[in-house]
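Quick notes on the structure that follows.
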Amino acid sequence: MSFKSVTAAASLLAALAAAPAQAGVIFSDNFDADSAASVLNFNGLINWTVSGGTIDYIRSGGFGISCVGGTGGCLDMDGSAGNAGRITTRQVFDFDDGVEYTFEMMLSGNQRGGASDTVTYGLISVDTGFESTLSAGPLAPNAPFATFGGSLLGQNFAGNWRFFIEGAGGDNIGAILDNVVLRDNRTANVPEPATLLLSGLALLAAGAVRRRGR
Ligand SMILES: [Ca+2]
Ligand SMILES: [Ca+2]
């Protein structure tokens with residue numbers, strides 16, 4: 001390897017090392033970019049389709065609702081049409097068998113009094129329509145934001161899937177959803193390969209310099 005190609009490779013690796021440190025994240029949504037204002041029965045989510053009812057898009061502070069961090073956007077999982085809706089990822093995930101993935105979302109109570117709310121979530125197979133469903137809640141109306149979800153370990157898991165999250169009921173005040181994250185745990189908990197490569201490259205470069213010095 002010439003010194004020039006070593007330099008070029010080092011530049012490339014430096015760029016890789018500067019990539020976001022969110023190791024393992026294969027999908028995330030904080031709902032901050034979907035709309036500049038609150039919209040009832042919103043159906044224009046960037047990353048999700050809405051079906052089986054409606055959701056409301058909330059800009060933090062709208063309708064007396066705070067999103068995570070008191071800023072940006074979030075969703076009321078029971079919209080304003082008397083039937084809580086389901087959101088389903090537009091993205092299809094091609095999972096591998098035997099691999100652990102982690103799904104997390106933040107939910108608060110409805111923040112407006114009244115009955116407690118439950119949310120279901122899970123995977124739906126694009127290939128067969130099969131659904132694997134879990135439940136979060138019930139959440140008291142004043143329950144603060146907390147993380148729900150957990151690991152999904154694939155057995156007979158290969159294939160194409162979408163994620164869904166669905167409110168329950170129809171009183172038009174639902175649990176509040178924010179900060180959805182999906183991780184591939186193969187890469188979430190290991191040292192960044194770019195760091196290891198850079199170490200190897202430093203050794204190569206040292207060797208090249210030694211040879212030039214002869
Ligand atoms: Ca948000
Ligand atoms: Ca409700």
Side-chain angles (χ1 to χ4, degrees), residues 20-91 93 101-124 131 133-150 162-184 188:
Q22 295 245 1
V25 172
I26 54 179
F27 174 85
S28 68
D29 196 345
N30 60 14
F31 302 104
D32 289 355
D34 295 286
S35 170
S38 299
V39 182
L40 299 181
N41 304 317
F42 187 62
N43 196 17
L45 292 169
I46 296 166
N47 294 320
W48 311 77
T49 56
V50 181
S51 62
T54 67
I55 55 97
D56 290 336
Y57 182 78
I58 309 295
R59 283 313 280 191
S60 194
F63 310 106
I65 298 167
S66 289
C67 301
V68 169
T71 186
C74 52
L75 304 184
D76 175 349
M77 293 307 295
D78 187 352
S80 301
N83 186 8
R86 166 187 286 204
I87 61 170
T88 305
T89 57
R90 297 184 190 276
Q91 186 173 339
F93 301 97
Y101 301 85
T102 303
F103 173 77
E104 289 180 348
M105 62 183 166
M106 297 197 77
L107 290 170
S108 82
N110 60 55
Q111 306 187 26
R112 286 155 291 173
S116 297
D117 290 289
T118 301
V119 168
T120 56
Y121 62 100
L123 291 166
I124 179 166
E131 292 184 10
T133 303
L134 295 164
S135 181
L139 292 144
N142 61 352
F145 276 108
T147 300
F148 293 84
R162 289 189 164 99
F163 267 94
F164 68 87
I165 305 170
E166 183 168 3
D171 62 2
N172 297 347
I173 52 172
I176 306 302
L177 172 72
D178 210 340
N179 290 2
V180 177
V181 181
L182 179 63
R183 287 188 181 82
D184 178 338

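These numbers were taken from a predicted model, which means no experiment stands behind them. One-based numbering, in listed order, for ligands and for the atoms of each.
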For a distance under 3.0 Å, tell me if N30 has an N/O/S atom near the Ca ion (ligand 1).
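Of the N, O and S atoms in N30, at least one lies under 3.0 Å from the Ca ion (ligand 1), which means yes.
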Quick check: does G73 have an N/O/S atom under 3.0 Å of the Ca ion (ligand 1)?
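Looking at G73, which is the residue asked about, there is an N, O or S atom under 3.0 Å from the Ca ion (ligand 1).
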O (I173) to the Ca ion (ligand 2) to OD1 (D171): angle, nearest 10 degrees?
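That angle works out to 80° after rounding to 10°.
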Would you compute the distance between atom [atom1] of [X] and atom [atom2] of [Y] and round it to the nearest 0.5 angstrom?
X	Y	atom1	atom2	answer
F145	M106	CZ	CE	7.0 Å
D178	L75	CG	CG	7.5 Å
I55	N43	CD1	CG	7.5 Å

Just say parallel, tilted or perpendicular for the rings of F163 and F93, cut-offs at 30° and 60°.
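Taking F93 first and then F163, their aromatic rings stand perpendicular (interplane angle over 60°).
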In terms of the angle between their ring planes, are Y57 and F42 parallel, tilted or perpendicular, with boundaries placed at 30° and 60°?
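Tilted: the ring planes of Y57 and F42 meet at 30° to 60°.
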The Ca ion (ligand 2) reached by D117 (N, O or S, under 3.0 Å)
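Short answer: yes, at least one N, O or S atom is under the cut-off.
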The Ca ion (ligand 1): angle it makes with OD1 (D178) and OD1 (D32), nearest 10 degrees
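D178 OD1 and D32 OD1 form an angle of 150° at the Ca ion (ligand 1).
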